[in-house]
Amino acid sequence: VQLQASGGGLVQAGGSLRLSCAASGRTISNYDMGWFRQAPGKEREFVVAIRWSGFGTYYADSVKGRLTTSRDNAKNIVYLQMNSLKPEDTAVYYCAASSLYCSNYACYASSYEYDYWGQGTLVTVSS
């Protein structure tokens, strides 16, 4: 599976962005999908995951209530709607696909569970 993340950019604090992750090569309907981010000088961190069916999402506490993920398996795309953005959301955002079985948050939040990664899209939130 090849993944292409897009939609990043510069936005003021409190603003919104929608990221997209377009897949090619295989249908994503068999994959759980995740979003991770990496801020400058920091380690990559988990943001959110969505199960293959679209029923079941897992959010990091830092983004709950502000970021929402969804997927359209027919279009082979996953979305990350980002609202009420904060300067601390500034990072490169990566989408990833997992063919492995996960049953809990800890599993979805581990980058080791993901087989395929996109190249990342930069989100910059100004104060």
Side-chain angles (χ1 to χ4, degrees):
V1 177
Q2 291 80 48
L3 302 174
Q4 179 80 31
S6 62
L10 175 63
V11 63
Q12 289 188 331
S16 298
L17 281 175
R18 188 176 80 159
L19 306 185
S20 298
C21 175
S24 60
R26 291 183 182 180
T27 175
I28 61 169
S29 60
N30 298 322
Y31 295 86
D32 296 332
M33 300 296 293
W35 288 93
F36 289 75
R37 67 187 182 185
Q38 187 166 18
K42 295 187 177 181
E43 294 187 353
R44 185 166 53 190
E45 66 173 358
F46 171 75
V47 176
V48 61
I50 183 168
R51 301 187 71 178
W52 63 271
S53 63
F55 296 100
T57 52
Y58 302 82
Y59 289 89
D61 287 343
S62 59
V63 305
K64 280 182 180 177
R66 301 187 300 116
L67 275 58
T68 304
T69 192
S70 60
R71 63 191 296 161
D72 187 333
N73 287 344
K75 294 183 178 179
N76 242 20
I77 296 179
V78 180
Y79 300 102
L80 182 63
Q81 179 65 43
M82 310 170 71
N83 298 328
S84 302
L85 283 164
K86 304 176 180 180
E88 51 263 44
D89 293 318
T90 294
V92 176
Y93 284 72
Y94 299 90
C95 59
S98 171
S99 62
L100 304 178
Y101 175 74
C102 275
S103 61
N104 55 57
Y105 177 91
C107 179
Y108 283 107
S110 171
S111 60
Y112 294 104
E113 295 299 316
Y114 296 85
D115 311 281
Y116 304 97
W117 292 81
Q119 87 293 352
T121 185
L122 177 62
V123 172
T124 303
V125 184
S126 63
S127 57

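Note that the coordinates shown come from a computational prediction; the quantities given were computed from them, not determined experimentally.
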State yes or no: are the ring centers of Tyr58 and Phe46 separated by less than 6.0 Å?
-> no

Applying the 4.5 Å side-chain criterion to the ILVMFWY set and letting contacts propagate, would Tyr105 and Tyr114 be lumped into a single cluster?
-> yes

Is the backbone of Asp32 close enough, under 3.5 Å, to the side chain of Arg71 for a donor and an acceptor to pair up by distance?
-> no

Nearest heavy-atom approach of Arg26 to Val1 is CB-CG2, 3.6 Å

Counting distance only, does the side-chain N/O of Ser98 pair as donor-acceptor with the main-chain N or O of Glu113 below 3.5 Å?
-> yes

Can you tell me how far CD of Glu45 sits from OG of Ser111, rounded to the nearest 0.5 angstrom?
-> 12.0 Å

Does the side-chain contact (heavy atoms from CB on, under 4.5 Å) test come out yes or no for Arg37 and Leu80, once each step is laid out?
-> CA-CA 12 Å; Arg37 67 187 182 185; Leu80 182 63; over 6 Å; no

So, Thr90 side chain and Val125 main chain: donor-acceptor pair closer than 3.5 Å or not?
-> yes

Taking every heavy atom of Leu10 against every heavy atom of Ser126, the minimum-distance pair comes out as CD1-CB, 4.3 Å

Ignoring hydrogens and geometry, is there a side-chain-to-backbone donor-acceptor pair from Gln119 to Ala5 under 3.5 Å?
-> yes

Looking at OG of Ser99 and CG of Asn30, how far apart are the two atoms once the value is rounded to the nearest 0.5 Å?
-> 9.5 Å

Is Asn83 reaching over with its side chain to a backbone N or O of Ser16, donor-acceptor style, under 3.5 angstrom?
-> no

Flag yes if more than 12 heavy atoms outside Trp52 fall under 6.0 Å of its CH2 atom; otherwise flag no.
-> no

Look at the side-chain heavy atoms of Ile, Leu, Val, Met, Phe, Trp and Tyr, link any pair under 4.5 Å apart, and say whether Ile77 and Trp117 land in one connected group.
-> no

Does a side-chain N-to-carboxylate-O contact under 4.0 Å join Asp89 and Lys86?
-> no

According to a 4.5 Å side-chain heavy-atom criterion applied to Ile, Leu, Val, Met, Phe, Trp and Tyr, with indirect links allowed, do Tyr79 and Phe36 form part of one hydrophobic cluster?
-> no

So, the side chain of Ser84 versus the backbone of Gly14: is there a donor-acceptor pair under 3.5 Å, distance only?
-> no

Any idea which heavy atoms bring Ala23 and Ile28 closest together, and the distance?
-> CB-CG2, 3.2 Å

Are Tyr94 and Leu19 connected, step by step, through hydrophobic side chains (Ile, Leu, Val, Met, Phe, Trp, Tyr) whose heavy atoms are closer than 4.5 Å?
-> no

Report yes or no: do Val47 and Val11 belong to one cluster of Ile/Leu/Val/Met/Phe/Trp/Tyr joined by side chain heavy-atom distances under 4.5 Å?
-> yes

Please tell me if the side chains of Val48 and Leu67 come closer than 4.5 Å, counting only heavy atoms from C-beta onward.
-> no

Could you tell me whether a side-chain N or O of Tyr108 sits under 3.5 Å from a main-chain N or O of Tyr59, the two making a donor and an acceptor?
-> no

Would you say Trp35 and Met82 make side-chain contact, with heavy atoms under 4.5 Å?
-> no

Run the numbers on Leu3 and Met33 for side-chain contact (heavy atoms from CB on, under 4.5 Å), then give the verdict.
-> CA-CA 11 Å; Leu3 302 174; Met33 300 296 293; 4.0 Å; yes

